[in-house]
Amino acid sequence: MNMKSRKKIFYWVFKIFIPNLILATYIISVLIYYEDIKLKTYILLICGMLIYFFTRLYYYYYKTGFFLWNNLKGISQVINEFKKGKFIFKESDIGEPIVSGLMKELITVGKQFDSIVSSQSDELKKFNEFYSHIICSINSYFMIIDKNDNLIYANEGFCKKFNLELDSITGKSLESLFYFLNTRLRIAINQVRDDVERDSIVIKNVHLMSVNRDSIIADLKLSGMVVNGEDQIVIIMDDITDRFSKDYHTSILSHLTETIGDETETDKLYYNILFGVTSGSGLGFNRAMLFLVEDDDLEGKIAVGPDSFEDAIEVWNSLSSTEIDLNAEYPVDIKPNKLLEKVQKFKIPLSAGNILTQSVKRMEKIHVVDASNDERMDKEMREFMEVNEFIVMPLISFNKSIGVIVADNKYNMTGITHQSIDLLSIFSFQAASLIESYMNLIEVKGEMKKLEERQDAIVESEKMAAVGRIASHIAHEIRNPLVTMGGYAKRIVKSVQQENSEKKILQSAEIILNESERLEKILSNVMDFTRPSKYIKEFNDLNHIIRDTYWLLKNVLSEKKIKLKLDLEKNLPNVKSDFNQMKQVILNLFQNSMDATPEGGRIEVITESDDENVIIRVRDTGTGINEDDPNVIFEPFFTTKITGVGLGLANVKKIIKDHKGKIYVANRDEGGVEFTIKIPLPVRENDDEN
Amino acid sequence: MKKKLLIVEDEESLRELYAEELEDNGYDVVKASNGKEGIELVKKEKFDLVIMDIRMPEMDGIEALGKIISMDGKIPVIIYTAYSNYKSNFMTWTADAYLTKSSNLDELVEKIEELLS
């Protein structure tokens, strides 16, 4: 306790003592004046007063914090400290001696408060660190924007990915951060802003490209929040570029495999493969070129990529404004441009020491980082590529280089990452097998075409053979009567010179006459078969035709002692047919059966119908057909008869075929054959309507 | 003595024609309408020469030729047919002559005379 405070104490001692003294003096004066009091009483009174005084002094000073008001200024300082929310106050900071116990206590409490607060803030700091660790370590990028689309905060991942400094972008608008702002993103931001209450909005496969031309494909999640009364939007970006491009490539390739299969679309296929390399704008590369090995040369086939940066932006912008549908836009049509023109002019021999042919020969990818100083590059290639960095990826299929894909980032001028090289190499592998199988397909198709042509030629030659067969058959058929006729004619000439020749001449002439009639018959048979038939199709009752034919042949049948049994379905549906042609069919079949059936045999004719056909069966008990396939009997000029052209059953088959029907024959187990004819019923009216 | 010829031909009119012509040329003629009949006749009788068609029912000329040769290899056989394209094959079929049917039977008569002389 210094002098000053001691002085203060004395001041206060005096201050308390004086009123007491005045009161004691007054009481003693009154007592002296009115009472006769002994000295002893005075002494007692004075003692009492002193006791009172000291007791009071003691009470104030030690018990209740004597002279608290003396520290009023200090108290206001303490209160201000509390108001600040921290307590770094020192006793010495108070401009006056601390004489009050309460004040001291107050300061103690303040210090305790301070230690609590600071320990809590330590805790908070720890939490803060903890959470920022988490935030830093998650893959997603996020940014927070205010109601004016200005950036409040972006996490480290975001800044790193897009190559931006947080300090320099804070407070800047989204437009100034990105090259173009996806329309879907813009709509989503407005939706969140309009309705803060709503849950977050998710938009998928959004292409984002920063002002530094770094780009990603991301799924975005937008959520609104209110901080200090202000609307903010958190945008969380899930980078799916890799996954997306893999899926994209695979799906392009598989889609192409399914959709393109025509050899006329070779260029389109190549173009679409390359489109995969540059797919989704900044997803892949800016430009891609395809060179394929053709014999001993490496030829430029196709190229994809804009001619200028403006074109590039236009393409990217148009792509990003819609939901990227993986397949709908495939296959895309070739857009000719200068690059394509240039690449298609490219042709060098494989033996050239060019960087592309090197890649083909070694089956190795070549990543040129600095073309202007790369020894592998010659002047022409430098001029051709126009860029410093590019990648040459060989297309390897079945351990054979079939060409290369060359890709670069001419327009966004970002480096080629290992990631994109890896992706390209996977893609190239798939593309190579696609191209290979496509080429095989084309080859197979070519071969098939050749085969078809050859087959046509064979058919043609078979036709010729058939003509030959027909000719030789007819020749044979005709030769016998001709020889006979000629022979007898000669005999007539000889006979004329002899006596009694009339009878011989007559005989010979008769034979000649018969033979010439036979010749005519052969010819008309042949003509019948080859002449295109005209049909008059009406609804005919086949039962009726069969009965007619039966009556026609009745006499012949009984002569040959052949029984004919008709088993005809009642109410057999009429079929659309040519009456006379069908009669011809039935007659031919009857005759055929009659010829095959020995005397005493039996012929059975059955008609029946099902939902689709009217069926006629003709069964006989004849000799059967001694052939592996009994149906050869329908072949033209097949005959077992001594006389006959072999056109009867062929004609039957032709007529049935012209009626869209079917005919076949089978040997029966019990001997003889069964012919089956099926003639389709006309399609019902109401079926037509359906 | 008249030489005896066997004609195997399915076509009746031709058969008759040959027979008449050959009889006029002083031959004794026996007729068969197919290979089978022809062989039956060869078994029973002795012929100086056989004239045979190829395409015939029951047994064709080729089969009949083989059988006749196996029975009596010495009988001369003339294949007389309309199939001119078989000619080359007949070299191996050991017929003695191969002639294409023609209304000019002089060729046949000449061949018969040649083979029987």
Side-chain angles (χ1 to χ4, degrees), chain A residues 465 468-501 503-519 521-522 595-596 622-623 625-626 637-646, chain B residues 7-27 29 31-38 51-63 78-89 98-112:
Chain A
R469 208 169 65 227
I470 293 166
S472 89
H473 191 94
I474 292 171
H476 186 260
E477 289 297 322
I478 289 173
R479 187 180 287 274
N480 282 353
L482 274 180
V483 168
T484 313
M485 286 161 78
Y488 279 103
K490 269 215 169 127
R491 287 187 65 76
I492 290 173
V493 172
K494 278 184 192 169
S495 309
V496 170
Q497 295 148 4
Q498 295 168 5
E499 281 175 24
N500 295 329
S501 59
K503 200 185 161 197
K504 278 186 179 176
I505 291 171
L506 187 66
Q507 275 178 353
S508 298
E510 270 174 2
I511 291 170
I512 292 170
L513 195 67
N514 284 340
E515 292 299 302
S516 67
E517 275 173 3
R518 191 174 141 202
L519 269 179
K521 209 172 162 189
I522 289 168
D595 290 344
T623 44
I625 301 160
N626 192 21
F637 306 114
F638 180 91
T639 182
T640 55
K641 291 176 200 169
I642 297 159
T643 57
V645 188
Chain B
I7 296 174
V8 189
E9 166 65 58
D10 60 327
E11 188 106 15
E12 195 192 346
S13 55
L14 276 177
R15 204 160 59 224
E16 293 305 322
L17 174 68
Y18 301 163
E20 284 178 30
E21 188 70 25
L22 291 173
E23 276 166 1
D24 283 358
N25 278 283
Y27 294 107
V29 179
K31 292 169 277 186
S33 68
N34 61 50
K36 212 170 173 180
E37 274 182 38
I51 300 153
M52 192 152 61
D53 189 15
I54 290 181
R55 212 183 100 174
M56 290 179 293
E58 297 278 322
M59 185 189 285
D60 66 19
I62 294 162
E63 197 181 339
I78 297 175
I79 296 291
Y80 198 57
T81 177
Y83 287 102
S84 54
N85 51 337
Y86 281 158
K87 198 166 186 172
S88 57
N89 291 337
Y98 181 99
L99 292 176
T100 308
K101 276 179 191 172
S102 162
S103 59
N104 185 2
L105 291 173
D106 296 347
E107 205 185 4
L108 178 68
V109 175
E110 273 169 31
K111 191 52 118 186
I112 294 167

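Here is the naming used below: chain letters follow the sequence lines, and residue numbers restart at 1 for every chain.
One finds the CD atom of A:Glu515 at 7.0 Å from the CG atom of B:Leu14 (value rounded to the nearest 0.5 Å). The structure places CD of A:Gln507 at 6.5 Å from CD of B:Glu20, a figure rounded to the nearest 0.5 Å. Distance check, rounded to the nearest 0.5 Å: NZ of B:Lys101 to OG1 of A:Thr484 gives 8.0 Å.
The environment of B:Glu12 atom CD is sparse: at most 12 non-hydrogen atoms of other residues, nucleotides or ligands sit within 6.0 angstrom. Summarising the local packing, NZ of A:Lys490 is surrounded by more than 12 heavy atoms from other residues, nucleotides or ligands at distances under 6.0 Å.
Neither the backbone nor the side chain of B:Asn34 comes within contact range of chain A; no heavy atom of the residue lies under 4.5 Å from a heavy atom of that chain.
Side-chain contact between A:Val483 and B:Glu11 is absent, with no heavy-atom pair separated by less than 4.5 Å.
Across every non-hydrogen atom of B:Ser13 and A:Ile511, the tightest pair is CB-CG2, 4.4 Å.
Highest contact tally toward chain B, considering only A:Ala489, A:Ser508, A:Gly486, is held by A:Gly486 [criterion: heavy-atom pairs under 4.5 Å].
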